[in-house]
Amino acid sequence: MACVVLLCADALSANDVPDLQLRIELDVLREMLRGHAEASGDYEHGRRFGPDSFDDPSGQPVVEEGRVEHCALCCRGHVVAREDGVVATRVAGNLVERLYHVLFRHVSVWREPILREELHGVVETPDLPADAQAKHFGVDHAVRNSRHAAIRLVDGDHRFEPCVGVRALAGVDHLLDAADGIHVFAEDCGSRQFHDEPRGKVVPPKISRERHFFQYFQKTIHGPTLEERAVACVGDVVRSGDRMEGSDDGFLGDRGTPIEHSVLQKVRCPPERHHFPFDIRRGVALDTGRYLLTLGNVAGGEPVDHVENAIDRATQSSCVFSFLGFEDRGQTAVRAFGGAHDRLGRTIVGRHRSSENGEKPTIKSVFRLHSVLSMANEMAKAYEAKLVEDGIYESWLSSGYFAPEGLPNITDSTEAFTVVMPPPNVTGVLHLGHALENSLMDAMVRYQRLLGKKVLLVPGTDHAAIATQARVEKNLMAGGMKNPRQELGREGLLEKIREFAESSKSTILTQVKKLGTSADWSRLAYTFDDKRSAAVNELFTRMYNDGLIYRGFRVVNWSVKGQSTCSDDEIETIERESMLYTFKYSKDFPITISTTRPETKVGDTAVAVHPTDDRYKTFVGKTYDVEFASAKLSIKVIASDAVDPSFGTGALGVTPAHSAIDFGMYEVQKAKNDPIEIKQVIGADGKMTADAGSVAGMTIEAARERVVSWLKEQGLLEKEEKVIQNVGTSDRYGDVIEAIPMTQWWLNVNKEIPGRGKTLRDLMREAVTTGLDGKSEQKVSITPDRFTKLYLDRIENLRDWCLSRQLWWGHRIPAWYRKTKSLPLSEGELEGVEIFVGAKPEGEGWVQDEDTLDTWFSSGSWTFSTLGWPSFAKATDGKPSDLEQFHPTNWIQMGYEILYLWLMRMILMSTYALNQIPFKDAYIHGILRDKDGKKFSKSSGNGIDPIEVIEEYGCDALRVSLLSGNTPGNDSRYYIEKVEASRNLVNKLWNISRFILSAKTPPPYEGGGRGEVEPKTLADKWILARFSETAKKVSLLIDRYDFSLAIEVLRDFTWNDFADWYLEIAKIEGEKSDILLYILERLLILWHPFAPFVTEEIYKNFDSGMIIVAKWPTVEHELSSEDRAAFDQVCSAVIAIRNYLSEHKTLPKDVESITIVNAGALAEMESVIGGLTKVKIVRSSMERPESITPIVVGAAQIFVQLPAVDAASEKIRIESEIAEATKFIAAQESKLANTDFVARAPEKVIAGERQKLADLQEKLAALQKEHAALVS
RNA sequence: GCGCGCAUAGCUCAGUUGGUUAGAGCGUCACAUUGACAUUGUGAAGGUCCGUGGUUCGAGUCCACGUGCGCGCACCA
């Protein structure tokens, strides 16, 4: 079995290792590490865990002879060989990580050694399999967080996070795992835990970047034989001919030059050298096969001369070396020590030059260096979102551009664009769903701002009555309280909730800002603040006065746990198994009935049958007195259409007090003047009432058992069967909803509104169909359209809305009673009570209703209560009010799960109060799910904090990843890989900009924008036209709310057209700065809605103010079809040549020349073709070279002069091309031979097809000619 | 039971009113890479567009039926 040993120099002594070869390595490695430890000030730590602490609990030799096939890396830690030949390793090491970073990551992280104490968090963990452990620690996460951790490390406070330790492990494991499915066991350091069993197989890396490195590593380190690798350890591998000369002008010089590959220097190594040499004393150089990677030693605080000595030694041993030094914080000077030249004699690594003032630079951190660079005026090598985002957001805030009044060139007549933010609940922290919402909203709003509109995004939060109260009560109960309401009382609990809500609110608002949301914070609203409360009271009062709100006795949804009613929309139905009992009330009772709720049967007052059911016809109208479980029941047999004669016995026991359906029958009977009784047997406390006979006072469950056993005793139970039943549960408290009759406040949706001639239902319907009062500008469109249908369906089945809640956290109902001792709970008590609705009435004895309003009552008024209704609805001093300017709002986004809860109520409230729709367009998005398609939720523990993602990848990357591939109304999944890809895209944009801006500083801005540019070459024309197309398309797509496609189009242009084609051509043709800047500036604007931060940061290089208020570009550049065809041909030619070279396994540098015959448009693009294919000589010619077979691109033939070509394989290539062409020609011909097609298809389509055929035929002819030549 | 959605490359998803040889990202394989970018470049492999039938000159796209998955609503006595 192949093993990888992860060795620990500190822990091993050579004597432990029987294998000589290995022992040599170990010696060397240990020496190396010691040197490393010494130099890094780490030695003492190393000693603490030195050889003495090594002790193999199993008594096995540390490494069994012949077992070890790879010796890869070294590190502090421990090695244990197990009987199965697997070598378990214990790794604490930072060296591995250092190597790892050095090898694969440029600068970036330079970790200080991990202290054992800090690792305890990791060490002290339960024994879990490694993958579970990885999950437990979030290893992937930790990997991603390494940079973040490093920052903390070098800040000098040495606060280590457990993830740092895991990070080290993860890195090593991945490296090793890359070997070949080897079992690698990683253990944490610390002798205390030494006797632990290894923890199992480590999961392979998931993140692409990491994988890439491993492959790279694997390819290069794991050479074919042990000898090679062993010898590589000795250090003396670079031949004396590889000179190492000092130089002062290396690019690591003293002039503040960017460090480039600072720690990692790439040095061309003779190809035959495939070893990784180490300098045993002072540094490490790894030959990866292509490069010799040299790593300078780290001298943590050591004087430079020490390092210099090291260099000398290193140089003597002919090991290529480089060293770096850094001065203290804030200084830009970076020094390179040592030097090296590549084979061409060019300086690769600058040699050290002592600092002028004689001070010795010391190495503190690599990361700091990066910061230094960012602080300097040049663009950093990679976009570091973390370093710029907060600053940029600050600058937006202080610019005033978030407020519509603060925007430039705004007048009263400027078109407004308003969006209200769906207010996040103040129940904790934001989740990824919020990140999606903010990305959508902010992209939209920024786009509109760039179009020059008077843009307002109103931010706010929602007190979320039930959700918040439930959360706080839960927290209190988790803290040991039994019944928070009882123990704290109304005011006490409210105080707690308020406290929680305020802290949660401030957290949330900070997070919303982190997401880059360009909201007008001066208009910040809260559903529970004074202004919004005033709007709520006003609405309630008006509706009451209009007779729409009434107090009614009704069966309501009751949550025993929450001690409150809830609306139909707040119920979540779940499936569960339950028993269906079939029985008679008594022996004499003529009809058998079924139920799943036997305990409620003590409240039965009737039995219902279908009117046409012959079985029971004779009983209808009769009343039977029975004694059921010691309760005296009077059961009347009634007929009702609601009964399904085919279900069960076709007869139904009617419990008016505890079933909405039955209550309906109760009302029908009352209306028919043939009333049945109503008898409440379940109380609000979830227990049986005094009316419940023998089960009075019992819990529901106990009562059920009791009734069932009674039925059995009496021999009344006929059948017992298991059924799957849907029951409603409270979505906040989770308990099963009981139906209980109560007096509550209701909103009547079917009553005509005085003076309007319409009901609320009518208004809600009109708003999405014809528009209010038939006005099309008062019509709400819903994207995607299918939700309109759902909405209308719901409208048709709408029932009165139960408004009152027995919660404390919320708007107290503005109703006052007089002459009541306690609040009425039953129908009868409604009478004789004086009710006043509005602000507190005059006079004595008024008591306010204890209840609060459904939270959606206040949310429903959100679009206009945030804009000043009712107090500031009118213009003052001739200035239009917010309401006049910004309502109806233009656009809103929300998830489909609140379509009924919120969208509907907003339409209701707004059409009622203002006779205006709340918004013109509603964009409905789906739910964001985790990578397995599961909903994010606290209980499944799959929650992801968007802020953490932002810290790691940047806000722009998160936004782009959430918006791309996400279509309206459809759920989407969240993948970290997607964020990574988006981060790469953002970085690409950054580097494109860096390249362009480093060539030329944008000229001063002159009002009206940087002037138009004139294309000089074909490529110029092409890119300008492509950009023009892109800009138009992006506008169109955003107008259609197709953010995903807009991003795709932008990405395609940015990466493929602009970076990969045009920028490469620009390098060849030169003198493109004007066009590049022209496009870049406008491209940044197109990107800005999606990636606001990076674009703003880059835009600083343009003297054009802030990009947030830039002008959306309109670009008009056309491309003639000839030019387009010509450019396409160039591209095809380049691709064909690359392809050809790839097929022939030939590098471009080995191609002597390329000759193009019948070049046509290609003739003037020779240098471009040469540049793009990296072939030095490209020429067009009338004469074809002898004995080469060309690539055929259109009419042109391209002859590539390879060192050697096999005629037979050429023949095969041509033949396969001929076959392919023939196939398509045949298809094409048959299509055109179809008379129906020619007769009926549009002209344009036919012409296109003909052209295609002609092109193919031309190509085929050329191919056949070549084939003939080859054969002859 | 009624209604809605989804089914396209190994994975996640795009695919605008029907019109090239169906796309992207990630992943895979091979190669390259010291002057913007290893967060890179180049090339390749990979698809019966769930099935059947229909409309049409032409269907991933429209229609019907079927299959599988998901969701909503109602019923759930």
Side-chain angles (χ1 to χ4, degrees), chain A residues 104-106 208-209 211-213 216 251 260-261 265-268 290-291 342 346 348 379 381-383 573 578 580 593-597 608 642-644 647-649 651-655 659 661-662 723-727 786-787 789-790 793-794 797 896 900 931 933 961 964-967 969-973 975 977-978 980-988 990-999 1036-1037 1040 1042 1044-1045 1048 1051-1052 1059-1060 1063-1064 1135 1138-1139 1141-1143 1145 1147-1148 1173-1174 1220 1223-1224 1227-1228 1231 1234-1242 1244-1245 1248-1249 1252:
Chain A
F104 306 119
R105 198 179 255 205
H106 290 243
S208 64
R209 185 184 64 233
R211 284 198 79 101
H212 178 73
F213 297 146
Y216 205 91
F251 62 82
E260 299 292 339
H261 302 238
Q265 292 307 329
K266 296 179 174 180
V267 181
R268 181 65 80 177
R290 265 185 286 283
Y291 294 111
D342 69 5
R346 284 176 299 180
I348 297 305
M379 290 176 75
K381 194 175 177 80
Y383 173 60
T573 50
S578 71
L580 180 67
I593 58 165
S594 301
T595 185
T596 52
R597 298 287 308 268
V643 179
D644 174 4
F647 187 95
T649 61
L652 145 75
V654 180
T655 325
S659 152
I661 301 287
D662 298 3
V723 291
I724 299 296
Q725 185 195 25
N726 293 331
V727 292
R786 65 171 187 271
F787 288 109
K789 241 167 105 181
L790 277 178
D793 257 21
R794 182 66 165 227
N797 299 315
Y896 59 71
Y900 302 137
K931 63 184 169 50
S961 76
S964 49
N966 190 337
T967 44
N970 292 337
D971 294 354
S972 60
R973 296 187 190 193
Y975 279 89
E977 289 88 344
K978 215 165 133 189
E980 197 179 312
S982 303
R983 189 266 323 265
N984 294 356
L985 170 62
V986 167
N987 189 59
K988 189 73 182 180
W990 174 265
N991 268 300
I992 289 170
S993 308
R994 187 160 95 104
F995 176 62
I996 294 174
L997 292 165
S998 67
L1036 188 78
L1037 289 167
R1040 284 206 325 236
D1042 199 337
S1044 172
L1045 216 50
E1048 202 178 310
R1051 180 189 198 286
D1052 187 54
D1060 288 349
L1063 240 46
E1064 292 307 314
I1135 290 168
R1138 285 171 178 165
N1139 201 343
L1141 294 180
S1142 175
E1143 269 175 29
K1145 303 220 182 304
L1147 294 180
T1173 55
K1174 299 205 171 80
E1220 205 181 349
K1223 203 177 97 195
F1224 287 129
Q1228 215 52 32
K1231 194 183 251 180
N1234 185 337
T1235 48
D1236 280 333
F1237 175 68
V1238 180
R1240 300 188 195 206
K1244 213 173 139 190
V1245 174
E1249 299 297 322
K1252 218 186 312 170

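By convention in this document, chain letters (A, B, ...) are assigned in the order of the sequence lines, proteins followed by strands, and residues within each chain are numbered from 1. If you're wondering where the values come from, they're calculated on a predicted model, not measured in any experiment.
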Any strand counts, and the cut-off is 3.5 Å on both contacts for Watson-Crick or G-U wobble. Which nucleotide pairs with B:A36? none
Rounded interatomic separation in angstrom, taking CZ from A:Phe787 and P from B:C71: 14 Å
Quick one: the side chain of A:Glu1143 and the base of B:A30, do they pair up donor-acceptor inside 3.5 Å? no
Taking only the C1' atom of each, what is the distance from B:U39 to B:G3 in whole angstrom? 47 Å
Presence of A:Arg1051 side-chain N/O under 4.0 Å of B:G25 phosphate oxygens OP1/OP2: yes
Within the structure, does a side-chain N or O atom of A:Lys789 lie under 4.0 Å from either OP1 or OP2 of B:C4? yes
Expressed in whole Å, how much space separates the P atoms belonging to B:G1 and B:U55? 31 Å
Which of these nucleotides, B:U21, B:G19, B:G43, is closest to any side-chain atom of A:Lys1252? B:U21
For A:Lys1223, salt bridge (Lys or Arg N to Asp or Glu O under 4.0 Å) partners two or more places apart: none
Could you give the CG-to-C1' distance, from A:Asn991 to B:A36, as a whole number of Å? 5 Å
With heavy atoms under 4.0 Å as the rule, sort A:Gly1248 into base, sugar-phosphate or nothing. nothing
What does the B/S/- profile of nucleotides 58-64 of chain B look like, 5' to 3', with a 4.0 Å heavy-atom cutoff to protein? -------
Keeping the roles fixed (side chain from A:Asp1042, backbone from A:Leu1037), state whether a donor-acceptor pair exists under 3.5 Å. no
Using the C1' atom as the reference point in each nucleotide, state the distance between B:G58 and B:U42 in Å, no decimals. 37 Å
What's the gap between B:C75 and B:G70 when it is taken at their P atoms, as a whole Å value? 23 Å
Could you check A:Ser998 against A:Leu985 and say which one's nearest nucleotide on RNA chain B is further toward the 5' end? A:Ser998
In terms of side-chain heavy atoms of A:Arg1138, which of B:G43, B:A32, B:A36 is nearest? B:G43
Side-chain N,O (A:Asn1139) to OP1/OP2 (B:A44) below 4.0 Å: yes
Would you please confirm or rule out a distance under 4.0 Å between OP1 or OP2 of B:C75 and any side-chain N or O of A:Gln725? no
Please state whether the base of B:C26 and the side chain of A:Lys978 form at least one donor-acceptor pair under 3.5 Å? no
Under 3.5 Å donor-acceptor, A:Tyr975 side chain and A:Lys931 backbone: yes
List the residues meeting side-chain contact (heavy atoms from CB on, under 4.5 Å) with A:Thr596, not counting sequence neighbours, and say none if there are none. A:Ser578, A:Leu580, A:Val723, A:Gln725
Test side-chain contact (heavy atoms from CB on, under 4.5 Å) on A:Phe1237 and A:Val1245; report intermediate values, then the result. CA-CA 10 Å; A:Phe1237 175 68; A:Val1245 174; 4.0 Å; yes
With both distances kept under 3.5 Å, what pairs with B:U16, Watson-Crick or G-U wobble? none
Picking from B:A74, B:C37, B:U12, which would you name as closest to the side chain of A:Tyr975? B:U12
Rounded to whole Å, how long is the line connecting atom CD of A:Glu980 with atom P of B:C26? 9 Å
What pairs with A:Asn991 under side-chain contact (heavy atoms from CB on, under 4.5 Å), at least two apart in sequence or on another chain? A:Asn987, A:Arg994
Atom OH of A:Tyr896 and atom P of B:C6: how far apart are they, to the nearest Å? 12 Å
What is the distance, to the nearest angstrom, from the CD atom on A:Glu1249 to the C1' atom on B:U21? 11 Å
Gap between atoms CG and C1', on A:Asn726 and B:C73 respectively (whole Å): 11 Å
Using the P atom in both, what is the distance from B:G23 to B:U48, to the nearest Å? 15 Å
Of the listed nucleotides B:G5, B:U21, B:C37, the one nearest the side chain of A:Lys988: B:C37
Suppose we screen for salt bridge (Lys or Arg N to Asp or Glu O under 4.0 Å). Which residues come up paired with A:Glu1220, at least two apart in sequence or across chains? none
Look up atom CH2 in A:Trp990 and atom CG in A:Leu997, then write down how far apart they are to the nearest 0.5 Å. 9.5 Å
Among B:G25, B:C76, B:U39, the one nearest any side-chain atom of A:Ile661 is B:C76
Pairing partner (Watson-Crick or G-U wobble, both distances under 3.5 angstrom) of B:G25: B:C11
Between B:U39 and A:Arg983, is there an OP1 or OP2 to side-chain N/O distance shorter than 4.0 Å? no
Winner on side-chain proximity to A:Glu1064, out of B:C37, B:C75, B:G5, is B:C37
Nearest-nucleotide wise, let me know which of A:Ile1135 and A:Asn987 is further upstream toward the 5' end of RNA chain B. A:Asn987
Determine the interatomic distance between C1' on B:U16 and the same-named atom on B:C62; round to the nearest Å. 15 Å
Any strand is fair game: report the nucleotide pairing with B:C62 by Watson-Crick or G-U wobble, both distances under 3.5 Å, or none. B:G54
Interatomic distance at P, B:G60 relative to B:C49, whole Å: 7 Å
By side-chain hydrogen bond (donor to acceptor under 3.5 Å, both in side chains), A:Thr649 pairs with (sequence neighbours left out) none
Produce the list of close N/O pairs, under 3.5 Å, pairing protein atoms with atoms of nucleotides 13-15 of chain B; give distances to one decimal.
residue : atom : partner  : partner atom : Å
B:C13   : OP1  : A:Arg973 : NE           : 3.4
B:C13   : O2'  : A:Gly965 : O            : 3.4
B:A14   : OP1  : A:Thr967 : OG1          : 2.5

Nearest-Å distance once atom P is located in both B:A22 and B:A45: 14 Å
Expressed as a whole number of angstroms, how long is the span from A:Asp1236:CG to B:U55:P? 14 Å
Picking from B:U16, B:C76, B:C4, which would you name as closest to the side chain of A:Arg786? B:C4
In the structure shown, which nucleotide is the Watson-Crick or G-U wobble counterpart of B:G3, with both distances under 3.5 Å? B:C71
Taken in chain and number order and not counting sequence neighbours, the residues that satisfy salt bridge (Lys or Arg N to Asp or Glu O under 4.0 Å) with A:Glu1048 are none
Between B:A30 (P) and A:Leu1147 (CG): distance, integer Å: 16 Å
Keeping the roles fixed (side chain from A:Lys978, backbone from A:Ser964), state whether a donor-acceptor pair exists under 3.5 Å. yes
For A:Gly965 and A:Ser1044 the tightest heavy-atom approach is N-OG, 2.8 Å
Using a cut-off of 4.0 Å on non-hydrogen atoms, how would the nucleic acid contact of A:Thr1235 be classed: base, sugar-phosphate, or nothing? nothing
Could you pull out all residues at least two apart from A:Asn970 that satisfy side-chain contact (heavy atoms from CB on, under 4.5 Å)? A:Arg786, A:Thr967
So A:Pro1242, base contact, sugar-phosphate only, or nothing? Heavy-atom distance under 4.0 Å. base
Side chain of A:Asp793 only, please: which of B:G3, B:U21, B:G25 is the nearest? B:G3
